[in-house]
Amino acid sequence: MKKINILIYGATGSIGDSVLSLIRNNRDQFNVHGITCDKNIEKLSKLSKEFNTKKIGIGCYNKELDYKKYFPDKKIFFKLEEFKDMIDDTVDIIIFAISGTSILKLSLDIAKSGKIVGIANKECIISLGDIILSTAKSNNTKLIPLDSEHNAIYQLLNNNDYSFESITITATGGPFLNKNLEDFKYIKPEDATKHPIWKMGKKISIDSATMVNKGLELIEAKHLFNLNINKIKILTHPQAIIHGFVTYKDNSIFSFMSYPDMRIPISNLLFPNKIVDLSDLYLDLAKVKTLNFYDVDNKKFPAIDYAKYVAEMGGLAPNGFNYTNDKLVNLFINKKIKFLDIIDFNIATLEKFFAKNSNIKRPTIDDIFSFNKWIDENIYLGD
Ligand code: NDP
Ligand code: MG
């Protein structure tokens with residue numbers, strides 16, 4: 001049997017770990033064509049040896065390093081601009097798991113590839129919206145969402161028709177679900193990256209703590225499933241056993257349940273027939289016993305209401321929310337701003353922009369890049 005050839009962007013991250021662990025246990029079925037990192041050369045080098053990958057991509061070029069020592073006989077692609085050239089006719093599946101918003105150009109090249117793409121990076125869907133989805137469609141690129149909630153809805157809708165009333169994506173509520181709002185001002189980056197359920201990269205962990213992640217996911221769902229924002233509900237569910245619901249007109253509900261582990265949505269991509277041994281993810285509901293559900297506390301977590309507002313504005317606004325958030329999260333990680341500033345400064349930045357500029361309903365990629373340049377120069381960081 002011919003092996004499936006996989007190219008993994010962001011192989012050294014948390015999603016990369018989950019993908020490679022599935023491949024490690026099924027080496028007879030997969031070949032790893034290429035892997036990339038930003039700075040973590042040591043880990044990339046180990047993975048390259050283990051999986052005997054043909055191509056290597058390195059985001060952060062350091063002229064002091066002897067890359068040939070780390071990657072003898074490999075073809076190396078430097079900086080995000082060269083990453084697109086790692087795609088060739090032999091690649092069957094692309095995993096797109098680089099974090100953040102620096103990947104917008106690369107995401108469009110991937111959307112042009114005509115391949116099957118497991119898309120973990122939600123930022124590109126939020127910023128580029130219809131541009132990326134229509135590019136994928138016209139190039140026969142199949143985008144399969146790896147975000148657990150969206151993959152759950154994707155699987156539910158693949159088995160059912162589209163005559164539903166609404167979809168619901170669940171939220172764990174992050175590490176501060178039960179913390180008093182008065183104490184939010186003391187939150188440090190090391191508190192915000194400790195997620196109670198999911199082990200993820202820093203950026204998305206902080207997004208989960210502010211619940212900006214769920215706001216971004218709302219916009220992600222709008223584009224992926226082509227829905228009005230009022231058809232998408234969010235429900236806090238701390239156990240993260242149910243990832244998504246589809247509710248029909250007769251008020252019957254289909255839900256998707258699994259142990260909270262990213263290998264489940266990734267295995268939907270790698271093993272669509274569902275024949276794969278994941279026995280360590282057996283879900284013993286008698287042990288779980290209770291599943292709780294709550295409405296989101298919008299006072300503590302204003303990000304979701306704000307995400308709805310920017311989603312309804314459309315045009316440039318979702319990208320503004322997403323790109324500004326990425327910058328503010330970096331500043332918070334580097335202790336330059338406080339936890340509550342992440343959402344407050346985001347709202348203030350967009351207010352400042354839209355006070356002087358009108359929205360562009362159908363922005364081009366150049367409109368989006370010039371807006372991002374404006375944000376780089378004018379982001380609100382307090383008076
Ligand atoms: P990590 O921070 O764990 O990994 C990020 C990966 O991207 C690493 O390989 C990193 O390289 C690489 N990278 C980051 N910036 C750059 C850059 N500028 N140029 C080149 N490579 C870069 O993130 P996650 O794996 O947690 O998340 C990846 C994406 O998947 C995010 O968009 C996230 O929102 C999404 N996602 C993640 C989930 C999860 O459970 N982790 C769930 C749902 C979605 P290096 O190691 O060298 O820094
Ligand atoms: Mg998610």
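Just so you know, ligand 1 is whichever comes first in the structure, and atom 1 is the first atom listed for that ligand.
Listed by atom number, the atoms of ligand 1 under 4.0 Å from Asn121 heavy atoms are 32 (O). Listed by atom number, the atoms of ligand 1 under 4.0 Å from Gly10 heavy atoms are 6 (C), 7 (O), 9 (O). For ligand 1, the atoms lying closer than 4.0 Å to a non-hydrogen atom of Ser102 are 18 (N). Of all atoms in ligand 1, listed by their number and element, those nearer than 4.0 Å to a heavy atom of Ala120 are 30 (O), 35 (C), 36 (N), 44 (C). The ligand atoms of ligand 1 that sit less than 4.0 angstrom from a heavy atom of Glu123 are 32 (O), 34 (O). Under a 4.0 Å criterion applied to the non-hydrogen atoms of Asn40, ligand 1 contributes the atoms 46 (O), 47 (O).
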Please evaluate residues Asn213 and Lys122 with respect to the criterion side-chain hydrogen bond (donor to acceptor under 3.5 Å, both in side chains), reporting the C-alpha separation (whole Å), side-chain torsions for both, the decisive distance (0.1 Å), and the verdict.
CA-CA 9 Å; Asn213 183 50; Lys122 63 192 87 184; 2.6 Å; yes
Apply side-chain contact (heavy atoms from CB on, under 4.5 Å) to residues Ile264 and Phe256 and explain how you reach the verdict.
CA-CA 11 Å; Ile264 296 276; Phe256 186 95; 4.1 Å; yes
Should Lys335 and Glu190 be marked as a salt bridge (charged side-chain N to carboxylate O under 4.0 Å, His left out) after you check the CA-CA gap, both sets of side-chain angles, and the distance that decides it?
CA-CA 10 Å; Lys335 304 197 168 162; Glu190 49 276 27; 3.7 Å; yes
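If you check which protein heavy atom lies closest to atom 38 (C) of ligand 1, you get Ile15 CD1, 3.5 Å. Here the heavy atom of the protein found nearest to atom 4 (O) of ligand 1 is Gly13 CA, 3.2 Å. Atom 9 (O) of ligand 1 has Thr12 OG1, 2.7 Å as its closest protein atom, hydrogens excluded (heavy atom only). Protein heavy atom at the shortest distance from atom 41 (N) of ligand 1 is Ser14 OG, 3.1 Å. Remark: minimum distance from atom 21 (N) of ligand 1 to any protein heavy atom is reached at Asp38 CB, 3.5 Å. Protein heavy atom nearest atom 2 (O) of ligand 1, with residue, atom name and distance: Gly201 CA, 3.5 Å. Looking only at protein heavy atoms, the nearest one to atom 6 (C) of ligand 1 is Ala97 O, 3.6 Å. Looking only at heavy atoms of the protein, atom 43 (C) of ligand 1 is closest to Asp147 OD1, 3.2 Å.
In the displayed structure, Lys287 atom NZ is contacted under 6.0 Å by at most 12 heavy atoms of other residues, nucleotides or ligands.
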Table please: side-chain donor-acceptor pairs of residues 339-349 below 3.5 Å, with sequence neighbours left out.
unit_1: Asp341; atom_1: OD2; unit_2: Lys338; atom_2: N; d: 2.8
unit_1: Asn346; atom_1: ND2; unit_2: Phe321; atom_2: O; d: 2.9
unit_1: Thr349; atom_1: OG1; unit_2: Phe345; atom_2: O; d: 2.6
unit_1: Thr349; atom_1: OG1; unit_2: Tyr380; atom_2: N; d: 2.9

Would you give me the side-chain donor-acceptor pairs under 3.5 Å for residues 106-113, sequence neighbours excluded?
unit_1: Ser107; atom_1: OG; unit_2: Leu104; atom_2: O; d: 2.6
unit_1: Ser113; atom_1: OG; unit_2: Ile110; atom_2: O; d: 2.7
unit_1: Ser113; atom_1: OG; unit_2: Lys115; atom_2: N; d: 3.2

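Contacts of Met262 with ligand 1, taken as heavy-atom pairs under 4.0 Å, involve the side chain alone. Of the heavy atoms in Leu80, only side-chain atoms (C-beta onward) come closer than 4.0 Å to ligand 1. Using a 4.0 Å cut-off between heavy atoms, Ile204 contacts ligand 1 through its side chain alone, with no backbone atom that close. Of the heavy atoms in Ser99, both backbone and side-chain atoms come closer than 4.0 Å to ligand 1.
For residues 5-30, every residue pair satisfying the salt bridge (Lys or Arg N to Asp or Glu O under 4.0 Å) rule, not counting sequence neighbours, is listed here: Asp17-Lys43, Arg24-Glu50.
There is a side-chain donor-acceptor pair under 3.5 Å between Asn52 and Lys74. Judged purely by distance below 3.5 Å, without hydrogens or angles, the side chains of Gln155 and Lys274 pair a donor atom with an acceptor atom. In this model, no donor atom of one side chain and acceptor atom of the other lie less than 3.5 Å apart for His150 and Glu217. Side-chain contact check for Asn151 and Asn268: at least one donor-acceptor pair (N or O, by modelled atom type) lies under 3.5 Å. Using a 3.5 Å distance cut-off with no hydrogens or angles, the side chains of Ser127 and Asn319 do pair a donor with an acceptor. In this model, no donor atom of one side chain and acceptor atom of the other lie less than 3.5 Å apart for Asp277 and Asn25. Counted by atom type alone, His33 and Thr53 present zero donor-acceptor pairs between their side chains at under 3.5 Å.
Polar contact with ligand 1: absent for Gly100 (N/O pair, distance under 3.5 Å). Of the polar atoms of Ser148, none of the N or O atoms is found under 3.5 Å from an N or O of ligand 1, judged by distance alone. Of the N or O atoms in Lys39, one or more lie within a sub-3.5 Å distance of an N or O in ligand 1.
Remark: Lys75 is positioned above the aromatic ring of Phe77, its terminal NZ or CZ atom under 6.0 angstrom from the ring centre and at most 45 degrees off the axis.
Nearest heavy-atom pair, Leu177 versus Lys300, reported as atom, atom and distance to 0.1 Å: O-NZ, 2.7 Å.
With a cut-off of 2.8 Å, the protein N/O/S atoms near the Mg ion (ligand 2) add up to 3.
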